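What follows is a short report on a single structure.
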Amino acid sequence: MNIDTLLAAFVLGLMGAGHCLGMCGGVVAALSFANKAAASSRRIGIMVAYNVGRILSYGSIGFLLGLVASGASAFTPLPILRMLSGLLLIAMGLYLTHWWKVLTRLEAFGALIWRYISPFAKSLMPVTRIRSALLLGMLWGWLPCGLVYSMLGFAASQGTGVASSMVMIAFGLGTLPAVVAGGVASGAIKRFIAHIWVRNIFGVVFVLYGFFTLLPVVAVLLSALGFDAGSALHDTHHH
């Protein structure tokens with residue numbers, strides 16, 4: 001675990017802005033509307049509590065998945081988790097650009113779990129108390145979301161439950177601007193975030209980072225096959 005990994009997770013959260021607006025913008029707008037007449041300090045407190053709950057949920061899921069992944073990785077010398085992470089990041093990039101929506105299948109699987117959680121989330125609405133906002137955020141973190149799933153794959157490849165949790169928290173912090181924008185930003189800002197060119201640029205960055213993540217996997221596979229890139233270049237130069 002290093003600062004570069006956390007920074008990457010944070011930036012990827014920022015770049016998922018358009019997707020976050022679509023997934024969480026509605027509930028944030030509902031929170032704002034339900035507390036429109038409340039004091040500004042209370043509205044801010046409810047918004048902060050919701051997002052703290054949501055990010056804590058991401059961190060908890062990351063911790064549990066990281067524990068499972070660290071145990072599973074002990075059974076193979078190949079960096080399977082890193083390979084899965086890279087592939088999920090590429091899939092997320094293609095999903096953001098709408099070029100290939102394969103992650104909708106993962107979201108469909110997550111919907112099976114959400115079916116049991118959503119009634120509890122809906123029972124908290126309208127949210128007018130900070131405690132209810134915190135609980136809603138913790139439940140909303142389980143909403144089926146391809147962006148979250150791709151980041152969970154990235155987090156799980158870090159090797160420990162704590163490292164995986166930290167990556168998911170950094171990612172959650174990166175999503176804050178877009179989620180808050182869903183409740184308070186102007187229509188012009190929302191349209192800019194969701195614009196096709198903005199979405200495509202962010203999607204391509206996801207794809208490129210996915211390929212970057214896969215580079216060590218390719219090196220390990222080539223080594224396992226007995227291919228030494230340095231020797232190959234030396235032999236070519238020699239002949």
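Computed from a predicted structure; not experimentally measured. For this chain, numbers begin at 1 and follow the sequence in order.
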Next on the checklist: Checking the side chain of Thr97 only, and the main-chain atoms of Asn200 only, is there a donor and an acceptor separated by less than 3.5 Å?
Outcome noted: no
Next on the checklist: When you compare the side chain of Tyr50 with that of Val127, does any pair of heavy atoms fall below 4.5 Å?
Outcome noted: no
Next on the checklist: So Phe109 and Pro144, do their side chains get closer than 4.5 Å, heavy atoms only?
Outcome noted: no
Item to check | Leu64 vs Val68 side-chain heavy atoms within contact, under 4.5 Å | outcome: no
Checklist entry - Is it true that Ile61 and Val167 fall in one hydrophobic cluster, defined by side-chain heavy atoms closer than 4.5 Å? => result yes
Checklist entry - Are Leu134 and Ile55 connected in a single hydrophobic cluster, I mean Ile/Leu/Val/Met/Phe/Trp/Tyr linked by side-chain heavy atoms less than 4.5 Å apart? => result no
Item to check | Approximate separation, where rounding is to 0.5 Å, of Arg54 CZ and Leu139 CG | outcome: 13.5 Å
Next on the checklist: So which atom in Trp142 and which in Ile117 form the shortest heavy-atom distance, rounded to 0.1 Å?
Outcome noted: CB-CD1, 3.6 Å
Item to check | 4.5 Å side-chain heavy-atom contact, Leu176 and Leu173 | outcome: yes
Item to check | Parallel, tilted or perpendicular, as decided by the 30° and 60° cut-offs, for the rings of Phe154 and Tyr209 | outcome: perpendicular
Checklist outcome for this item: What one should report as the nearest heavy-atom pair of Met15 and Phe202 is O-CD1, 2.9 Å
Item to check | Spacing of Leu94 atom CG and Lys101 atom NZ [to the nearest 0.5 Å] | outcome: 12.5 Å
Next on the checklist: Give me the atom names and distance for the closest heavy-atom approach of Val162 to Phe63.
Outcome noted: N-CD1, 3.8 Å
Item to check | Nearest-0.5 Å distance, CG of residue Leu152 to OG of residue Ser157 | outcome: 11.0 Å
Checklist entry - Is the backbone of Ala49 close enough, under 3.5 Å, to the side chain of Arg131 for a donor and an acceptor to pair up by distance? => result no
Next on the checklist: Tell me whether Arg199 contacts the main-chain N or O of Leu96 through its side chain, where contact means a donor paired with an acceptor under 3.5 Å.
Outcome noted: yes
Checklist entry - Does the Gln158 side chain pair with the main chain of Ser164, one donor and one acceptor, at a distance under 3.5 Å? => result no
Checklist outcome for this item: From the list Leu103, Ile90, Leu88, Val102, side chain to side chain contact (heavy atoms under 4.5 Å, CB included) with Tyr95 holds only for Leu103
Item to check | Under 3.5 Å: donor-acceptor pair, side chain of Ser70, backbone of Gly66 | outcome: yes
Checklist entry - Which pair of non-hydrogen atoms, one from Leu12 and one from Met151, has the smallest distance, and what is that distance? => result CD1-SD, 3.7 Å
Checklist entry - Where do Trp114 and Ala121 come nearest, in terms of heavy atoms and distance? => result CH2-CB, 4.3 Å
Item to check | side chain to side chain contact (heavy atoms under 4.5 Å, CB included) evaluation trace for Leu214 with Leu87 | outcome: CA-CA 8 Å; Leu214 287 174; Leu87 293 175; 4.2 Å; yes
Checklist entry - Are side-chain heavy atoms of Thr5 and Met166 found at a separation under 4.5 Å? => result no
Next on the checklist: With a 4.5 Å cut-off on side-chain heavy-atom distances among I, L, V, M, F, W and Y, is there a chain of contacts connecting Val27 to Met138?
Outcome noted: no
Item to check | Least distance between heavy atoms, Pro177 atom then Leu14 atom | outcome: CG-CD2, 3.7 Å
Item to check | Side chain to side chain, Phe120 and Leu135, heavy atoms closer than 4.5 Å | outcome: no
Next on the checklist: Starting from Tyr58, can I reach Val48 by hopping between I/L/V/M/F/W/Y residues whose side chains sit under 4.5 Å apart?
Outcome noted: no
Item to check | Reported CG-to-CE distance for the pair Leu136 and Met125, which is rounded to 0.5 angstrom | outcome: 6.0 Å
Checklist entry - Is it the case that one hydrophobic cluster holds both Met168 and Val52, taking links as side-chain heavy atoms less than 4.5 Å apart, direct or via other members? => result no
Checklist outcome for this item: Interatomic distance, CD1@Ile201 vs CD1@Ile196, rounded to 0.5 Å, equals 11.0 Å
Checklist entry - Any side-chain heavy-atom pair from Phe212 and Leu89 closer than 4.5 angstrom? => result no
Item to check | Straight-line distance of Glu107 CD to Leu143 CG, nearest 0.5 Å | outcome: 8.0 Å
Next on the checklist: With heavy-atom distances below 4.5 Å as the criterion, would you say the side chains of Trp99 and Val204 are in contact?
Outcome noted: yes
Next on the checklist: Could you check whether any side-chain N or O of Ser60 sits under 3.5 Å from a backbone N or O of Leu56, counting only pairs where one atom can act as donor and the other as acceptor?
Outcome noted: yes
